[in-house]
Number of protein chains: 2
Amino acid sequence: MSKSQNRKAIIGKPYLEEGIFMSAVALGDQALSESNKLLSIWGMTALQYNALKVLYVEDSQGEGLPSMEIGQRLYTRVPDVTRLLERMVDKGWITRERDVENKRVVRSKLTDIGIQLVESAYLPLKESESKQLAHLTDAEKTELARLLNKAKSSPSNPADNKDS
Amino acid sequence: MSKSQNRKAIIGKPYLEEGIFMSAVALGDQALSESNKLLSIWGMTALQYNALKVLYVEDSQGEGLPSMEIGQRLYTRVPDVTRLLERMVDKGWITRERDVENKRVVRSKLTDIGIQLVESAYLPLKESESKQLAHLTDAEKTELARLLNKAKSSPSNPADNKDS
DNA sequence: GACATATACTTGTTATAACAACTGTTGTTT
DNA sequence: AAACAACAGTTGTTATAACAAGTATATGTC
């Protein structure tokens, strides 16, 4: 029993921020897991669905969206956006082509199949998400959304002022 | 312009739950990214650090903790816990051995190096985490922690009643 | 208008996560 | 006590994420 293990001196009680980040990660994982389970019916992952939804909502003109913008909305790094979108091209959900005005840009847009797909999944997923938070009151959900949003746009990360 | 793309009919305005989950994932990613950056000084990832901290706090007797318990605390699946802990054995931060009473379980415990490591990183990481949420008031942080905790322990996932 | 710099994306490599299947041990039922 | 189920970990495979480096185009400057 003469272990040199004399600890508990430095690391104290759990602190607030620690719990917030742990819970945020856990809640996010839980939500992703549920969504992935449901979306697998259509052969989609949550990230793919979200990408489709971004294109659906942000590119309502059908002009195509640059990879960078998609990445910003999805909080996904650009290299991974490229491959994400490539996989979605293979599945026939989107098309991609270079912008004629700025040949550096590649614009992605939904195919009709992609549109149908995201429209099919929308309501079931919305209901699933609602169910996951059904034990919160509306006021709590509103407040949680506000606090999360405030929390994530930290001063050290000022490029967070989304439009409007 | 005769695209068949007549959308916007089905997918409406962003709804509350959607924003909550997106923000939770984003906040979690952001926190993990910051932590990983800082912890790389000691050659640790955030997950490894958290595993060390779990052992430090939950195994204060130094008897070793079963993989399953570690996995529960870290919200990590058991197969990944095995490999996570193996890597940490390779680094000399923990040791693992089979329980003599129940030969199915493998108990992991900190080495002195592991103890020093987690103690070294503790305060810097705590400060980094505090800084990330410094623009929230104490009341907001308390409320955010409460709401996140309530949100993640959903009825569909009742095995969430941590001890005390 | 050549040259450096910035931009938008792609490619390569390595690490980690997800999911299923498997091994060995313990508990239960009869 | 033999058979079966439950349990705790491990192993295998595939998909995805992280990080660094590379390519092609555009922009600014002298």
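Order of the sequence lines sets the chain letters (A, B, ...), proteins ahead of strands, with each chain counted from 1.
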Starting from P on dG24(C), measure out to CG on Asp99(B) and report it in whole angstrom. 19 Å
Describe the nucleic acid contact of Asn36(A) in one word from base, sugar-phosphate, nothing, applying a heavy-atom distance below 4.0 Å. nothing
For a quick check of understanding: with a heavy-atom distance under 4.0 Å over all strands, which category does Gln48(B) fall into, base, sugar-phosphate or nothing? nothing
Assign each of Val100(A) and Thr45(A) the nucleotide of DNA chain D bearing its closest heavy atom; nearer the 5' end lies the nucleotide of Thr45(A)
Pro79(B) has its side chain closest, among dA20(C), dT16(D), dA8(D), to dA20(C)
Identify, between Thr76(A) and Lys103(A), the residue whose nearest nucleotide on DNA chain D lies closer to the 5' end. Thr76(A)
Salt-bridge criterion met for Glu63(B) and Lys109(B) (N-O under 4.0 Å): no
Does any donor-acceptor pair link the side chain of Arg83(A) with the base of dG12(C) at a separation under 3.5 Å? yes
Rounded to whole angstroms, how far apart are CG on Leu39(A) and P on dA18(C)? 16 Å
5'-most contact on DNA chain C: Ser67(A) or Ser33(A), nearest heavy atom basis? Ser67(A)
Asn50(A) has an atom CG; how far is it from atom C1' of dT16(D), in whole Å? 15 Å
What integer distance in Å separates Leu32(A):CG from dC19(C):C1'? 16 Å
Side chains of Arg107(A) and Thr95(A): do they bring a donor and an acceptor to under 3.5 Å? no
Answer with base, sugar-phosphate or nothing: what part of the nucleic acid does Glu69(A) contact at a heavy-atom distance below 4.0 Å? nothing
Give one of base, sugar-phosphate or nothing for Arg107(A), where a contact means two heavy atoms less than 4.0 Å apart. nothing
Whole angstroms only, please: what is the CG-C1' distance between Asp80(A) and dA17(D)? 5 Å
Which part of the nucleic acid does Val78(A) contact within heavy-atom distance under 4.0 Å: base, sugar-phosphate only, or nothing? base
State whether the number of non-hydrogen atoms from other residues, nucleotides or ligands found under 6.0 Å of Ile113(B) atom CD1 is greater than 12. no
Should Tyr122(B) and Tyr56(B) count as side-chain neighbours, where that means a heavy-atom distance under 4.5 Å? no
From dA18(D), dT16(D), dC9(C), pick the nucleotide closest to the side chain of Pro66(A)? dC9(C)
Arg98(A) or Arg77(B), whichever maps to the more 5' nucleotide of DNA chain C: Arg98(A)
Figure out the OH/C1' separation between Tyr49(A) and dT16(D), and round it to whole Å. 21 Å
Rounded to the nearest 0.5 Å, how far apart are NZ of Lys126(B) and CD of Glu18(A)? 8.5 Å
Counting any heavy atom closer than 4.0 Å, what does Thr82(A) reach on the DNA or RNA strands: base, sugar-phosphate only, or nothing? base
Name the closest nucleotide to the Arg104(B) side chain, picking from dA6(D), dA26(D), dA18(D). dA6(D)
The nucleotide from dG9(D), dT10(C), dA26(D) with an atom nearest the side chain of Val106(B) is dG9(D)
When all nucleic acid strands are considered with a 4.0 Å heavy-atom cut-off, which category describes Leu47(B): base, sugar-phosphate, or nothing? sugar-phosphate
